[in-house]
Amino acid sequence: MPRPLAILQKLIAVLALLAFATGCTTAAPPESVLTVPAQPQKYAAIVVDASTGKTLFEVNSTAQRYPASLTKMMTLYMLFEAMEAGRVTKQTQIPVSDHAASQPPTKLRFRRGETIDVDSAIRAMVVKSANDVAVAVGEYLGGGSEEQFAAMMTAKARQLGMSSTNFHNACGLPDDAQVTTARDMAVLGLALEHRFPQHFHYFSESDFMFRGRLVRGHNDMLGRVRGVDGIKTGYIRASGYNIVTSYNADGRHLIVVVMGAASARQRNDHVEQLIQRSLGPSSAHAQPRLMYAGQQPASPPPLPGLPEPGMPAPNSALPGLPASDLPSPDLASPSSPLLPAQ
């Protein structure tokens with residue numbers, strides 16, 4: 001009889017549709033929300049697997065941002081190269097000029113004509129983020145000219161593949177033309193680890209002795225998360241709180257860059273979240289919804305996800321503002337490696 005057959009066919013079709021819908025529902029990962037401690041125009045972040053060069057997470061990673069004291073990573077790269085080439089040793093004395101001594105804090109408060117040995121200079125830049133020392137090193141390596149050294153830094157950035165970075169000073173104090181991206185900072189962090197493993201221990205130091213006193217640092221990620229072994233923080237008012245962090249534990253090695261956070265504590269919390277997320281089994285597939293600072297959970301913005309392939313990242317660099325390094329007195333595609341695996 002045709003009627004019962006038609007009914008049976010409809011019933012089978014409905015059951016198949018329900019099974020398909022159920023399968024789709026269970027297969028879809030639940031939406032996750034990632035709290036971002038920054039305004040969208042300042043925030044940028046990237047997480048890279050340092051062993052493979054694969055990008056695990058990125059937001060605004062090719063948008064222009066101010067590096068602040070992340071600049072000193074390149075100053076240190078240039079100094080490590082000079083050491084390797086034999087142009088300087090750890091005992092070489094770096095003279096401090098009027099220009100270097102006049103830099104605003106954070107600094108070691110040198111006077112003109114004083115000197116600092118290279119080993120102490122490295123620690124001063126890594127731990128204290130000393131602007132006077134960074135400028136003195138830049139002048140020394142630049143033949144007496146910080147401007148010339150900045151041009152050398154930019155040329156080195158291009159050699160390393162940092163295509164969107166321009167340096168105008170050696171320390172990271174405000175300059176409208178001194179810009180970078182989170183991706184470029186990840187490239188530099190990877191290059192420091194791969195190129196100078198014998199010097200990378202400096203980036204894990206949280207204090208050092210200088211002229212009989214203990215100089216403490218402000219990279220609170222050291223000792224906070226097991227496996228974090230460096231590398232550098234940065235802050236000016238125009239940039240917000242920046243950091244490049246290296247995680248190396250249990251067979252996993254990550255480089256995490258966060259830029260534009262509203263406070264150091266919130267930045268560090270966010271870095272820890274990104275590390276945990278990247279170590280999870282579903283990190284490569286889950287696309288979190290970003291909840292930026294000041295946004296209400298009841299009315300979230302459209303899902304930003306990751307930048308669409310081929311779409312340029314917005315250039316949202318902000319005008320530079322005078323500021324000390326600290327407020328205290330004293331896109332690569334996820335499927336393509338950021339750097340070749342070494």
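All values below come from the heavy atoms of this structure, side chains included, with hydrogens, waters and symmetry mates left out.
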> So F80 and H199, would you call those rings parallel, tilted or perpendicular, with 30° and 60° as cut-offs?
Replying inline: parallel

> At their closest point, which heavy atom of A121 faces which heavy atom of V137, and how far apart are they?
Replying inline: CB-CG2, 4.1 Å

> Does the T92 side chain pair with the main chain of T89, one donor and one acceptor, at a distance under 3.5 Å?
Replying inline: yes

> With no hydrogens and no angle check, is any side-chain donor or acceptor of D117 less than 3.5 Å from a backbone partner on Q91?
Replying inline: no

> Do the non-hydrogen side-chain atoms of N242 and R65 ever get within less than 4.5 Å of each other?
Replying inline: no

>> Would you say that more than 12 heavy atoms from the other residues, nucleotides or ligands in this model lie under 6.0 Å from the CZ of R265, or not?
In response: no

> Step by step, would you call F57 with L274 a side-chain contact (heavy atoms from CB on, under 4.5 Å)?
Replying inline: CA-CA 8 Å; F57 173 86; L274 291 178; 3.7 Å; yes

> How long is the span from the CE atom in M153 to the CD atom in E146, to the nearest 0.5 Å?
Replying inline: 8.5 Å

> Do you know the tightest heavy-atom contact between A182 and A44?
Replying inline: CB-CB, 4.0 Å

> Are the charged groups of R87 and E81 less than 4.0 angstrom apart, N to O?
Replying inline: no

>> If you apply the rule side-chain contact (heavy atoms from CB on, under 4.5 Å), what do you find for S239 with M259, and how did you get there?
In response: CA-CA 7 Å; S239 72; M259 308 184 78; over 6 Å; no

>> Before you tell me yes or no, could you show the steps for V59 and Y43 under side-chain contact (heavy atoms from CB on, under 4.5 Å), namely the whole-Å CA-CA distance, both residues' side-chain angles and the distance that decides it to 0.1 Å?
In response: CA-CA 8 Å; V59 175; Y43 177 69; 3.8 Å; yes

> Heavy atoms, side chains only, cut-off 4.5 Å: are I255 and T245 in contact?
Replying inline: no

> Taking atom types as modelled, is there a side-chain donor on K42 or Q39 under 3.5 Å from an acceptor on the other?
Replying inline: no

> Do you know which two heavy atoms are closest between R211 and T115, and how far apart they sit?
Replying inline: NH2-O, 3.9 Å

> Where do I46 and A186 come nearest, in terms of heavy atoms and distance?
Replying inline: CG2-CB, 3.9 Å

> Do the charged groups of R224 and E272 touch, with an N to O distance under 4.0 Å?
Replying inline: yes

> How long is the gap from OH on Y247 to OG on S278, to the nearest 0.5 Å?
Replying inline: 10.5 Å

>> Under a 4.0 Å threshold between the charged nitrogen and the carboxylate oxygen, would D49 count as salt-bridged to K54?
In response: no

> Is there a side-chain contact between N169 and V135, using heavy atoms and a 4.5 Å cut-off?
Replying inline: no

> Between D269 and Q273, is any pair of side-chain heavy atoms under 4.5 Å apart?
Replying inline: no

> Within the distance-only criterion (no hydrogens, no angle test), does the side chain of T71 pair as donor or acceptor with the backbone N or O of A68 below 3.5 angstrom?
Replying inline: yes

> Which distance, rounded to the nearest 0.5 Å, do you find between the CZ of R123 and the OH of Y202?
Replying inline: 5.0 Å

>> I'd like to know if the side chain of N219 pairs up with that of T233 as donor and acceptor (distance under 3.5 Å, no hydrogens or angles considered).
In response: no

> Where do G234 and R267 come nearest, in terms of heavy atoms and distance?
Replying inline: O-NH1, 4.2 Å

> Would you say the side-chain atoms of K232 pair up with the backbone N or O of V244, donor to acceptor, closer than 3.5 Å?
Replying inline: no

> Within a strict 4.5 Å, meaning less than it, do heavy atoms of the M73 and M125 side chains meet?
Replying inline: no

> So how far is it from Q64 CD to N166 CG, rounded to the nearest 0.5 Å?
Replying inline: 7.5 Å

>> For the NE2 atom of H99 and the CD atom of E147, what is their distance to the nearest 0.5 Å?
In response: 10.0 Å

> Would Q266 and S263 satisfy side chain to side chain donor-acceptor pair (under 3.5 Å), going step by step from the backbone distance to the final call?
Replying inline: CA-CA 5 Å; Q266 290 176 319; S263 73; 3.3 Å; yes

>> Determine whether a donor-acceptor pair (N or O, by modelled atom type, separation under 3.5 Å) exists between the side chain of K107 and the backbone of A101.
In response: yes

> Do side-chain atoms of H270 reach the backbone of T35 as a donor and acceptor pair under 3.5 angstrom?
Replying inline: yes

> Considering only heavy atoms from C-beta outward, does the side chain of S246 approach that of E193 to under 4.5 Å?
Replying inline: yes

> If you round to the nearest 0.5 Å, how far is CG of D207 from NZ of K128?
Replying inline: 11.5 Å

>> Please confirm whether the ring centroid of Y77 lies under 6.0 Å from the ring centroid of F196.
In response: yes

> Under 3.5 Å, is there a donor-acceptor pair between the side chain of S204 and the main chain of F200?
Replying inline: no

> Any donor-acceptor pair under 3.5 Å linking the side chain of N248 with the backbone of H253?
Replying inline: no

> Given side chains that start at C-beta, do those of Y140 and V88 come closer than 4.5 Å, heavy atoms only?
Replying inline: yes

>> Within the 4.5 Å heavy-atom criterion, are L76 and M74 side-chain neighbours or not?
In response: no

>> With a 6.0 Å cut-off (strictly less than), is the heavy-atom count around CZ of R112, excluding the residue itself, greater than 12?
In response: no

> Short question: side chain of D132, backbone of Q103 - any donor-acceptor pair under 3.5 Å?
Replying inline: no

>> For T165 and T154: C-alpha separation, side-chain torsions, deciding distance, then whether side-chain contact (heavy atoms from CB on, under 4.5 Å) applies.
In response: CA-CA 7 Å; T165 297; T154 301; over 6 Å; no

>> Ignoring hydrogens, what is the shortest heavy-atom contact between L222 and D229? Give both atom names and the distance.
In response: CD2-C, 3.9 Å

> Is the backbone N or O of S145 less than 3.5 Å from a side-chain atom of E139, with the two atoms forming a donor-acceptor pair by type?
Replying inline: no

>> Checking side-chain contact (heavy atoms from CB on, under 4.5 Å) between S69 and each of T75, N131, T106, which is the one that passes?
In response: N131

